[in-house]
Amino acid sequence: MAQKPSIPKGTRDFLPHEMVNRNYIFDTVRKVFQKYGYLPIETPAMENLSTLLGKYGDEGDKLLFKILNSGDYLRDVNDDVLTSRDSFKLMSEISEKGLRYDLTVPFARFVVQHQNEIVLPFKRYQIQPVWRADRPQKGRYREFFQCDVDVVGSNSLLNEVELIQIVDEVYKQLNIRVVLKFNNRKILSGIAEIIGVPDKIVDITVAIDKLDKIGIEKVNEELELKGISKEKIGKLQPIILLSGSNSDKIEQLKQILAQSIIGLRGIEEISAIILALKSLDIVIDVELDLTLARGLNYYTGAIFEVKAKDVEIGSITGGGRYDDLTGVFGLKDVSGVGISFGADRIYDVMNQLNLFPLQSEATTKVLFANFGEKEAFYCLKIMKEMRNCGINVELYPDSVKMKKQMNYADKKGIPFVVMIGENEMIESKISVKNMITGEQKLVCFDEFIDLVK
RNA sequence: GUGAAUGUAGCUCAGCUGGUUAGAGCGCUGGAUUGUGGUUCCAGAGGUCGCCGGUUCGAACCCGGUCUUUCACCCCA
């Protein structure tokens, strides 16, 4: 046997039945996005590396897929660089493009580039694949689809509220039980300010995040390991152990952060959001979680993350507010807030929980059996009329045994098979077999249309 | 990037302490049924046991390397 073909690590093919379900997810989020007034855009799969590099931290730079320059790309590289064995240096010489890592950074670039063609506040949605050179594992792929909704050019917290409504509606429609965890970067900054370690906020949140897994003592050990003094760890304890309802937590935080202006601003923001949500009948759980520290590279205000309650798979949606989204591309003071639905993880969740509605893969309603050239031409005329009536029909392309043609219809889930042989042609009738009941009838064209419609 | 596990027919897997010709179920092809699928019965095709090397009289099985897939950590959707 020939060498088996394969596809790159972390990528996947999708069979028709999988695509039916994937499209169900895409269609659902798209419809919800549109309901709230978002418009679609697309950006290229590849961006200039200068657009991508430095936006996701050192870790992110490593996970970028780089594209080799075309042609004889080594010709003009100077020998020092070639022999230096410095991948980073060489990379900038031989690669100037990369595959996009997310949809947010390309979107920021897009906004700057097309600022005169769009109206602010600009609400857009974007459903496209992104690529990360991560090591694949459960729920993690190297090529996956994100469904982003963002609004740029508005500071209003109503946008955050709207995004939460969207999350609520999407998961309500998909029938997935989720919890939306949120936090605010300003509160995290406030905490760091109070403790007196403004540069350690990432370490602190990462450590606190492990509370459930490893317990308070290990968390404190880890904090100490990160170079935070015992005294400061002591100050952190009430924050780590914060519990109760969202409003309980907010009350306690107000006390703790009383001396931090930025911290209090964060509290005001989340209080305003929670207040607005109260009157909106949000179904999903919304929970303030101080250990949420995702994407600290650019988030400045709200941070969101959604987890499925019934499947262990990491977050299926995430996002937040970035006050200076477009700043790196030269457009100052444009704030953005957005979230991203991870379609592939949502698929995995729904698949595991059997949440996909029964949808027929078959787009064909009627298969016309092929009895030979003469009969086939006769069928084509009938089929044309049916297609004009909006009925999906197909003719078996080869004049082979009935068994084979029936089998094809069965496997494809086609509900009706039409057989028109010599007798039917003479009588101007049609033999229709219902593949579900097994019942077969000899009828005239009008009856047939009624039967099949 | 770090640490583990895995790889046998198209698919899911069995294969004893190393022993001749590597098996099953499902699927596939053909037939029972030349105008009838999904059920049943009969027959058949299909494998350089991931790849390379080593140990051995002898390797699917033991050893080394390599690749693949999966899982955990880091990070993330």
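Order of the sequence lines fixes the chain letters, A, B, ..., with proteins taken first and strands second; residue numbering starts at 1 for each chain.
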Mark yes or no for a side-chain to base donor-acceptor pair under 3.5 Å between Arg135(A) and U2(B), with no hydrogen or angle criteria applied. yes
Under 4.0 Å, counting only non-hydrogen atoms across every strand here, what does Tyr408(A) touch: a base, just sugar-phosphate, or nothing? nothing
Given atom NZ of Lys404(A) and atom P of U34(B), what is their separation to the nearest angstrom? 16 Å
Polar contact flag, side-chain donor to acceptor under 3.5 angstrom, Asn220(A)-Gln237(A): yes
Listed in order of residue number, which residues of residues 410-437 of chain A have a non-hydrogen atom at under 4.0 Å from RNA chain B? Asp410(A), Lys411(A), Met419(A), Gly421(A), Asn423(A), Glu424(A), Ser431(A), Lys433(A), Met435(A), Ile436(A)
Compare all side-chain heavy atoms of Phe182(A) with those of Ile164(A) and state whether any distance is below 4.5 angstrom. no
Could Arg22(A) and Phe14(A) be counted as a cation-pi pair, given that NZ or CZ must be under 6.0 Å from the ring centre and within 45° of the axis? yes
Phosphate OP1/OP2 of U70(B) contacted by Gln137(A) side-chain N/O (<4.0 Å): no
OH of Tyr141(A) versus C1' of U69(B): gap in Å, rounded? 13 Å
Between the protein and nucleotides 42-45 of chain B, list the N/O to N/O atom pairs that are separated by less than 3.5 angstrom.
none

Please determine, for the side chain of Gln146(A), which listed nucleotide (A77(B), A72(B), G30(B)) has the closest atom? A77(B)
Between Ala409(A) and Leu367(A), the two heavy atoms sitting closest are CB-CD2, 3.7 Å
Would Lys123(A) and Glu162(A) satisfy salt bridge (Lys or Arg N to Asp or Glu O under 4.0 Å), going step by step from the backbone distance to the final call? CA-CA 11 Å; Lys123(A) 300 169 71 162; Glu162(A) 180 169 282; 2.9 Å; yes
Side chain of Pro136(A): nearest nucleotide among U70(B), C76(B), U2(B)? U70(B)
cation_pi(Arg124(A), Phe107(A)) dist<6.0 Å, angle<=45: yes
Length of the CG-C1' vector between Asp61(A) and G1(B), whole Å: 15 Å
Kindly say if Lys403(A) contacts the phosphate of U29(B), meaning a side-chain N or O under 4.0 Å from OP1 or OP2. no
With a centroid cutoff of 5.5 Å and a plane-angle limit of 30°, would you call Phe341(A) stacked on A77(B)? no
For the pair Tyr408(A) and Tyr396(A), name the ring-plane relationship: parallel under 30°, tilted 30 to 60°, perpendicular over 60°. perpendicular
Once you round it to whole Å, what is the distance between P of A77(B) and CG of Leu180(A)? 14 Å
In numerical order, the residues of residues 26-45 of chain A whose heavy atoms come under 4.0 Å of RNA chain B are none
Could you spell out the base pairing of RNA chain B in dot-bracket, with Watson-Crick or G-U pairs whose two distances are under 3.5 Å, [ ] crossing and | to another strand? (((((.(..((((.....[...)))).(((((.......))))).....(((((..]....)))))).)))))....
Strictly below 4.0 Å, heavy-atom distances to any atom of RNA chain B: list the hits from residues 440-453 of chain A, or just say none. Gln440(A)
I'd like a table of donor-acceptor pairs (distance under 3.5 Å, sequence neighbours excluded) in which one partner is a side-chain atom from residues 345-356 of chain A, with atom names and distances.
unit_1	atom_1	unit_2	atom_2	d
Arg345(A)	NE	Gly139(A)	O	2.6
Arg345(A)	NH1	Ser315(A)	O	3.0
Arg345(A)	NH2	Gly139(A)	O	3.2
Asp348(A)	OD1	Tyr141(A)	OH	3.4
Asp348(A)	OD2	Tyr141(A)	OH	2.5

Please check if the distance between the ring centroids of Tyr38(A) and Tyr125(A) is under 6.0 Å. no
